[in-house]
Amino acid sequence: MAVDQDQNRQRIKQLMRKPGNNYCADCRAADPEWASYTLGVFVCQSCSGLHRNIAQISKVKSVLLDPWRPSEVEFMDSVGNDAARAKFEKQVPAFYYRPSRTDCTLLREQWIRAKYERKEFIYVEKQEPYTAGYREGFLWKRGRDNGQYLNRKFILSEREGVLKYFNKNDAREPKAVMKFQSVNACFQPAKIGTAHGLQITYLKDNSTRNIFVYHEDGKEMVDWFNAIRAARFHYLQVAFPIASVSELLPKLTRNFIKEGYMEKTGPKHTEGFKKRWFTMDDRRLMYFKDPMDAYARGEVFVGSKDNNYSLVPHFPPGIQGNHWQFGITIVTPDRMFLMACENEKEHRDWINAIENVMDRPMLPHEYAVEAYFKHKP
Ligand SMILES: [Zn+2]
């Protein structure tokens, strides 16, 4: 018996090293050490925990710690990650978001459920919620000023090119109309304080607006997210007809480059430092009094080094007042922005985030954004 156990263990370990099996079948993390012996896939520890939530479909074991039967090893050998992907990911729409190891639990869990439990990518008719080009439903939306969540009707219409919501169910006019051109969506469970929390941002008169929504049902929320991605994809395909699919996909939705508190001064650098929540969204460095404010208090456009933007990792001499210890000076063609970080790690992370953006050459449409910021009253 012990000899058999040893043999089974050796065989399953060999399978684990086969190309295709050396990345988690669901989030692509390297060197997965768990396996679903009913689906025939190797997964990382974190995804194995999510497989336990669909125990009627997936049963998991540790490759290294659990005992294996010969028939289970046989089954793993006959399937494996490549074959499972060919089956369960046969028809994933190009725009559909595939989560990675660092994404929130909701995205990773719904990806696993969509693949194996609902089999959405085997039966295309199940993709209707995010492929139809039209979607309506109710979401809990955070009130702009009072922070209270109210149930609001949302409509996404590719024909009109907008996402909109209504304050009253019988209202004819929407409360807000968000054009797909500027809409972004990203899951922000920690910031919003709920596992299904989605932040939607859009531009209105070149200023950024934030709304915060969630739905109790994880599938509904992820369906909204992918419907927004589908709408963005179709919008971009029309706007940039010669761009390839792989060029467009990273533009569908974007996570913020960095977020967190820093202190800042006003334009004269004499008003003292105030603590603000900063969000680096591509080239827009926005600051808010509260992380969940509807509108940014202000924005700094971060151009490229070639266009006279630079960063100095400390303050200029002679800066007065109480402030956090670790200074950053952003120099734009117009003025200097002084920011203070609380600790060394934040200081280093912000410098990296801002310098990465500055190192990138500016794209044609970004000059228009820069021009707007220069002439802002
Ligand atoms: Zn994984």
Side-chain angles (χ1 to χ4, degrees), residues 27-30 46 99-105 107 184 186-193 197 199 201 208 210 250 253-267 269-293 296-363 366 369-370 373:
C27 75
R28 305 235 170 192
S46 169
S100 65
R101 190 176 53 84
T102 51
D103 277 307
C104 65
T105 309
L107 275 170
N184 184 37
C186 58
F187 280 100
Q188 294 270 25
K191 179 161 140 184
I192 300 175
Q199 178 170 2
T201 64
T208 304
N210 290 322
T253 50
R254 49 182 196 278
N255 290 329
F256 298 136
I257 296 169
K258 174 151 177 68
E259 283 196 296
Y261 284 107
M262 288 193 283
E263 294 177 332
K264 69 171 282 293
T265 58
H269 306 155
T270 52
E271 312 84 334
F273 282 79
K274 291 196 178 91
K275 185 175 159 185
R276 294 285 180 256
W277 177 264
F278 281 79
T279 297
M280 182 102 218
D281 178 10
D282 202 30
R283 288 199 186 275
R284 302 175 92 103
L285 179 60
M286 298 171 271
Y287 51 91
F288 305 86
K289 196 161 182 206
D290 181 279
M292 307 255 285
D293 281 347
R297 283 292 165 112
E299 301 192 37
V300 182
F301 178 82
V302 180
S304 69
K305 287 185 178 159
D306 309 338
N307 290 73
N308 297 317
Y309 290 80
S310 60
L311 181 149
V312 185
H314 49 76
F315 289 137
I319 293 302
Q320 306 287 317
N322 283 327
H323 55 74
W324 281 341
Q325 192 186 344
F326 303 93
I328 292 176
T329 306
I330 295 180
V331 185
T332 77
D334 296 333
R335 61 168 274 200
M336 281 198 303
F337 293 88
L338 307 187
M339 262 91 75
C341 303
E342 192 169 18
N343 57 51
E344 247 178 305
K345 184 184 181 300
E346 279 294 291
H347 188 238
R348 192 173 54 236
D349 290 351
W350 275 112
I351 289 171
N352 285 339
I354 296 164
E355 288 209 315
N356 275 336
V357 171
M358 284 183 175
D359 286 339
R360 238 165 47 201
M362 272 166 65
L363 300 170
E366 293 174 336
V369 181
E370 182 193 35
F373 274 88

ask   = Tell me, do Pro316 and Leu338 make a side-chain contact under 4.5 Å, heavy atoms counted?
value = yes
query = Considering only heavy atoms from C-beta outward, does the side chain of Lys274 approach that of Tyr287 to under 4.5 Å?
reply = no
ask   = Going by an N to O cut-off under 4.0 Å, is there a salt bridge joining Asp293 and Arg276?
value = no
Nearest 0.5 Å, please: how far is [atom2] in [Y] from [atom1] in [X]?
| X | Y | atom1 | atom2 | result |
| --- | --- | --- | --- | --- |
| Cys27 | Leu107 | SG | CG | 12.5 Å |
| Asn356 | Met280 | CG | CE | 9.5 Å |
| Asp306 | Met358 | CG | CE | 11.5 Å |
| Ile328 | Arg348 | CD1 | CZ | 12.0 Å |
| Phe256 | Leu285 | CZ | CG | 12.0 Å |
| Glu259 | Gln199 | CD | CD | 6.0 Å |

Does [Y] offer a backbone N or O that forms a donor-acceptor pair with the side chain of [X] under 3.5 Å?
| X | Y | answer |
| --- | --- | --- |
| Arg283 | Val357 | yes |
| Thr329 | His314 | yes |
| Asn352 | Asp349 | no |
| Asp282 | Arg284 | no |
| His347 | Gly327 | yes |
| Asn184 | Arg254 | yes |

Tell me if the [atom1] atom of [X] is crowded by more than 12 foreign heavy atoms within 6.0 Å.
| X | atom1 | answer |
| --- | --- | --- |
| Asp359 | CG | yes |
| Lys305 | NZ | yes |
| Arg28 | CZ | no |
| Arg101 | CZ | no |

What pair of heavy atoms forms the shortest contact from [X] to [Y], and how long is it?
| X | Y | answer |
| --- | --- | --- |
| Met286 | Ala296 | CB-CB, 4.0 Å |
| Met292 | Asp290 | N-OD1, 2.8 Å |
| Pro291 | Lys191 | O-CE, 3.3 Å |
| Asn255 | Cys186 | OD1-CB, 3.7 Å |
| Arg360 | Ser304 | O-CB, 3.1 Å |

request  = Walk me through it: do Lys258 and Glu346 pass the test salt bridge (Lys or Arg N to Asp or Glu O under 4.0 Å)?
outcome  = CA-CA 10 Å; Lys258 174 151 177 68; Glu346 279 294 291; 3.2 Å; yes
task = Go through the steps for Thr279 and Phe288 under the test side chain to side chain contact (heavy atoms under 4.5 Å, CB included), then give the verdict.
result = CA-CA 8 Å; Thr279 297; Phe288 305 86; 3.6 Å; yes
ask   = Going through the checks in order, is the side chain to side chain contact (heavy atoms under 4.5 Å, CB included) test met by Lys275 and Trp324?
value = CA-CA 9 Å; Lys275 185 175 159 185; Trp324 281 341; 4.1 Å; yes
task = Would you check, one step at a time, whether the test side chain to side chain contact (heavy atoms under 4.5 Å, CB included) holds for Asp281 with Thr208?
result = CA-CA 10 Å; Asp281 178 10; Thr208 304; 5.7 Å; no
inquiry  = Against Phe326, only a single residue in Glu342, Glu344, Met262 fulfils side chain to side chain contact (heavy atoms under 4.5 Å, CB included); can you say which?
reply    = Glu344
task = Kindly assign one of parallel, tilted or perpendicular to the pair Phe278 and Trp350, based on the angle between their ring planes and the thresholds 30° and 60°.
result = perpendicular
ask   = For the residue pair Phe273 and Phe315, is the inter-centroid distance of their aromatic rings smaller than 6.0 Å?
value = yes
ask   = Given the rule in the side chain to side chain contact (heavy atoms under 4.5 Å, CB included) test, do Glu299 and Val369 qualify, once you have shown the distances and angles that lead to the verdict?
value = CA-CA 11 Å; Glu299 301 192 37; Val369 181; over 6 Å; no
